[in-house]
Undergrad: 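First the structure, then my questions, so here it is.
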Amino acid sequence: MKTIFSILLILVCVCVPTSAADDDVKEEKDTLQEVVVTGLTGSTRADHSPAPISVVAPRVLQATPSTNIIDAISHQPGVSQITTGGGISKPVIRGLGYNRIVTVDDGIRQEGQQWGDEHGIEVDAQSVHSVEILKGPATLMYGSDAMAGVLVMHGAPVMPQGTMSLNVGSEYQTNNHLFNYTVDFAGNQQGWVWNWRWSEKDAGEYKNKVDGRVPGSQFHERALTGMLGVNRGWGYSHLKLSYYHLKPGLIDGERNEDTGLLEPSEAFQKIGHYKAVLDNSFRIGNGSLKAVVGYQQNRRREFENANELGLDFRLHTVNYDVHYLQSTDTDWQYAAGLSGMWQHSENLGEEYLIPSYRLFDAGLFASATRHFNNLTLSGGLRYDIRRLHSYEQEEDGELRFIDFTRNFQGLTGSVGAIYNVTPKLNMRMNLSKGFRAPNLSELGSNGEHEGTYRYETGNQQLSPEHSWQLDFGIDYTSDIISTQLSLFVNHIENYIFLEKLTSDVDDHRYQYRQGTARLLGFEAMVDVHPIEPLHFENAFSYVNARQLNQPEESRWLPFTPAPRWNSDLRYDIIRDGHMLANTFVSLGLECYLRQANAHTAYDTETATPSYTLLNMSAGTDIRWHHRTVASVYLSATNLTNRAYQSHLSRLKYADGPGICNMGRSFGVKVLIPVAF
């Protein structure tokens, strides 16, 4: 194994970015050959794509119990989540997270101050039809920050001509008494299309058998999303609007000295995210011109109690993307364009963590794909510039932040190939260079706020991160077995990380540093289905992430996911019956092995023991006169009520023994479609 990874390290790689077309993704877990994806150079079958891609289909999202959209996809191979209680989740792809992952929603990159530890993704899970996961640098299409990968949230496809539908859904989970409902109305009349949705979610404090109820883990969420547009022979133009509001509690972790129970927490946040996107596509010649422009505003306020406002951030972002895509009718496919964003962040509160700033970036890119009989070659180049200006700011007459300007630039690219050995066997390889400019938190932070357990200090001398990644994959599909193996190695120069400054347990001062990082690992998946209704699915994910030229206590990168084995035994009881359809029952295991590769310098991290979670689920569509009138899903998570602390849970490092994750929970979800 060491020899294999040494060879991979010499070759180094990344993937060409792609994104899935929702109306072509089948709702069941089909073979790789049948999945159609789209990218910079047009749509193609996944067995013709060199990129490592996972598509989370609508049925999977519907049947998965979760508290937010990142929680819903975190069970996918190679994907994890950094959590702060039940309502806040940050994605991790192959051991990297924060500003190294780009989340795309409504066709633009979501900008919601994702640098913060307790800042989640401001996307309504009910509005997400499917999710595409790009593993590895996707800088070619998305620019800086897409070093670890991209999560593309797809909305529901446009309704067929002359139809309308009303969808109502509701869900309840017992552990934290989570209740949510959603109402969606969509249609297409003479090419005029629309889709409007209202969602609301309320959850109390979650509990486990060690800590009891966890004060501050409650949250309330509501969202309005809408699309109005026109589809014609010349293309389409869609206006997308969204409003998202989240009020999560903040867990301070203080315990009663006599009882050892957690003390009530009065701290909370109020997050508002507002977005308007104009998405256009015009047919020109034998291709199409894609033009997208969007404005989003993120307002984040943190309260120590109901009457005391602390931090108050307001972030304005304008996104733009214009590129031309040649038709896919020939063996050659081309794309070229310009994309980037403008940002302005303001400090409006009584406390400060980062200075106010302005940012502008732009990137020019071009890519090409060539199809042969059994071989597909892809490649591209991109050049990015970014200018960031931080403003001087005082607090109580003392200088808190200084005025400074930084300029960054990076040339990135990728090249990949996939060879269809047989109709059932594919081999693929990708080589890519990633780029990420330091964010303002890493450069200029100077402060502490509720829920972080840290006082963070920036470093204005930080240089951009540059990575080389190599991916090698092989997949095989037959009538009784489907397998995939993805190997990767990632070498990052100027890797930015946060390190504790002293060993004093009461001193929570941290500063951003840089080093050289090397990540390698793999995802292995096997689905055995000896008979049509029976599936035995297994997936194993492993990441080895370390800093080079460091002492033992500093050699491992913080927040590296533990090795994980997911196993699911599913039986489809009724596929297509008169009264019931898609009826299944499933038994699942999540086995997390011991994570001993912790960044132990100054007690930044500690090792995490292994644990196993047992889950069950079942679901069915209820029919009446050959039409589905309701879909019902039942779930049971952590059936044995195991007390555990995830290695990626920030509550593991709360004062004292830390706080455990959620205990046993049962859930029920009902979806009711009405077609006109």
Side-chain angles (χ1 to χ4, degrees), residues 15 17-20 38-40 69-70 73 90-93 96-116 119-124 127-128 131-155 225 238 240-242 244 271 273-280 290-298 300 315-323 335 337-345 357-365 382 384-388 408 410 412 434-441 465:
C15 41
T18 53
S19 56
T38 64
L40 281 178
I69 185 59
I70 303 303
I73 65 175
K90 302 179 70 65
V92 174
I93 298 178
L96 297 174
Y98 293 87
N99 277 74
R100 298 180 182 91
I101 294 177
V102 167
T103 299
V104 176
D105 184 54
D106 288 330
I108 63 173
R109 52 186 289 164
Q110 185 86 359
E111 290 294 321
Q113 307 176 69
Q114 56 269 26
W115 48 265
H119 301 175
I121 304 298
E122 298 88 355
V123 174
D124 174 25
S127 68
V128 179
V131 179
E132 183 183 342
I133 304 168
L134 313 183
K135 301 173 186 176
T139 310
L140 177 61
M141 183 172 183
Y142 299 100
S144 176
D145 300 350
M147 179 174 286
V150 179
L151 300 177
V152 184
M153 312 289 183
H154 294 290
T225 58
H238 296 164
K240 303 174 183 178
L241 303 172
S242 68
Y244 177 92
I271 300 105
H273 197 90
Y274 315 90
K275 185 164 49 179
V277 179
L278 186 60
D279 183 359
N280 306 283
K290 183 80 169 177
V292 181
V293 61
Y295 168 77
Q296 49 189 319
Q297 180 188 129
N298 186 275
R300 181 178 298 274
L315 177 65
H316 307 267
T317 303
V318 175
N319 304 87
Y320 59 93
D321 175 20
V322 180
H323 67 266
L338 169 71
S339 65
M341 66 179 177
W342 170 90
Q343 281 189 338
H344 178 210
S345 177
Y357 70 92
R358 289 184 186 271
L359 178 151
F360 174 79
D361 73 9
L364 287 168
F365 60 86
R382 180 185 179 104
D384 280 281
I385 59 171
R386 171 170 289 189
R387 178 181 175 86
L388 188 151
F408 307 100
T412 57
F435 160 77
R436 186 181 79 87
N439 61 52
L440 201 280
S441 175
E465 294 180 342

Undergrad: Can you tell me how far apart CG (N439) and CG (L388) are? Round to the nearest 0.5 Å.
TA: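 Rounded to the nearest 0.5 Å, the CG-CG separation comes out at 9.0 Å.
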Undergrad: If you look at every heavy atom in A148 and L96, which pair is closest and at what distance?
TA: CB-CB, 3.4 Å
Undergrad: Taking all non-hydrogen atoms of both residues into account, name the closest pair between P137 and G434 and its distance.
TA: CB-CA, 4.1 Å
Undergrad: Any donor-acceptor pair under 3.5 Å linking the side chain of R382 with the backbone of F365?
TA: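 Absent.
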Undergrad: Any idea which heavy atoms bring S339 and D321 closest together, and the distance?
TA: CB-OD1, 3.7 Å
Undergrad: Rounded at 0.5 Å granularity, tell me how far OH in Y274 sits from CD in E122.
TA: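 Separation between the atoms: 11.5 Å.
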Undergrad: What's the spacing between D106 CG and L278 CG if we round to 0.5 Å?
TA: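 It is 12.0 Å, given to the nearest 0.5 Å.
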Undergrad: side-chain contact (heavy atoms from CB on, under 4.5 Å), that's the test. Do V104 and V150 meet it? Break it down for me.
TA: CA-CA 7 Å; V104 176; V150 179; 3.9 Å; yes
Undergrad: For Q296, run the side chain to side chain donor-acceptor pair (under 3.5 Å) check against D105, N319, T317 and tell me which one passes.
TA: N319
Undergrad: List the steps, then state whether side-chain contact (heavy atoms from CB on, under 4.5 Å) holds for V292 with K290.
TA: CA-CA 7 Å; V292 181; K290 183 80 169 177; 3.9 Å; yes
Undergrad: What pair of heavy atoms forms the shortest contact from A276 to L241, and how long is it?
TA: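 Minimum heavy-atom separation between A276 and L241: CB-CD2, 3.6 Å.
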Undergrad: Is it the case that the side chain of Q114 and the backbone of I121 share a donor-acceptor pair, with hydrogens and angles ignored and the cut-off at 3.5 Å?
TA: no
Undergrad: Apply the test side-chain contact (heavy atoms from CB on, under 4.5 Å) to residues V152 and V131: give CA-CA distance (whole Å), side-chain angles for both, the deciding distance (0.1 Å), then the verdict.
TA: CA-CA 6 Å; V152 184; V131 179; over 6 Å; no
Undergrad: Quick check: does any side chain N or O of R109 sit under 3.5 Å from a backbone N or O of Y142, one acting as donor and the other as acceptor?
TA: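 Side chain of R109 to backbone of Y142, a donor-acceptor pair under 3.5 Å: yes, one is there.
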Undergrad: Give me the ring orientation class for H344 and W342: parallel if the planes are under 30° apart, tilted from 30 to 60°, perpendicular past 60°.
TA: tilted
Undergrad: Where do N298 and E111 come nearest, in terms of heavy atoms and distance?
TA: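 Looking at all heavy atoms of both residues, the closest pair is CB-O, 4.0 Å.
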Undergrad: With a 4.5 Å cut-off on side-chain heavy atoms, are R358 and R387 touching?
TA: no
Undergrad: The criterion is side chain to side chain contact (heavy atoms under 4.5 Å, CB included); which residues satisfy it with S144, sequence neighbours excluded?
TA: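 For S144 the side chain to side chain contact (heavy atoms under 4.5 Å, CB included) partners, ignoring immediate neighbours, are R386, F435, R436, A437.
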Undergrad: Step by step, would you call K275 with Y244 a side-chain contact (heavy atoms from CB on, under 4.5 Å)?
TA: CA-CA 9 Å; K275 185 164 49 179; Y244 177 92; over 6 Å; no
Undergrad: Answer whether the closest heavy-atom distance between the side chains of S345 and L440 falls below 4.5 Å.
TA: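 A side-chain contact under 4.5 Å is absent here.
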Undergrad: What I want to find out is whether D279 reaches K240 closely enough, with some N-O distance under 4.0 Å, to be called a salt bridge.
TA: yes
Undergrad: Considering only heavy atoms from C-beta outward, does the side chain of I133 approach that of I93 to under 4.5 Å?
TA: yes
Undergrad: If only atom types and distance count, is the side chain of H316 paired as donor or acceptor with the main-chain N or O of Q343 below 3.5 Å?
TA: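 Such a contact is absent between H316 side chain and Q343 backbone.
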Undergrad: With a 4.5 Å limit on heavy-atom distance, are the side chains of V123 and I70 in contact?
TA: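 Contact flag for V123/I70 side chains = no.
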Undergrad: Atom CD1 of I108 and atom CE of M341: how far apart are they, to the nearest 0.5 Å?
TA: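 Result: 10.5 Å between the selected atoms.
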Undergrad: So which heavy atom on P91 is nearest to which on L151, and how close?
TA: CB-CD1, 3.6 Å
Undergrad: Heavy-atom distance under 4.5 Å between the side chains of H119 and R300, does that happen here?
TA: yes
Undergrad: Strictly below 4.0 Å, N to O, side chains only: are E465 and R100 in salt-bridge contact?
TA: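 Yes, E465 and R100 are salt-bridged.
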Undergrad: Do the non-hydrogen side-chain atoms of L338 and Y320 ever get within less than 4.5 Å of each other?
TA: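 With C-beta onward as the side chain, the pair touches.
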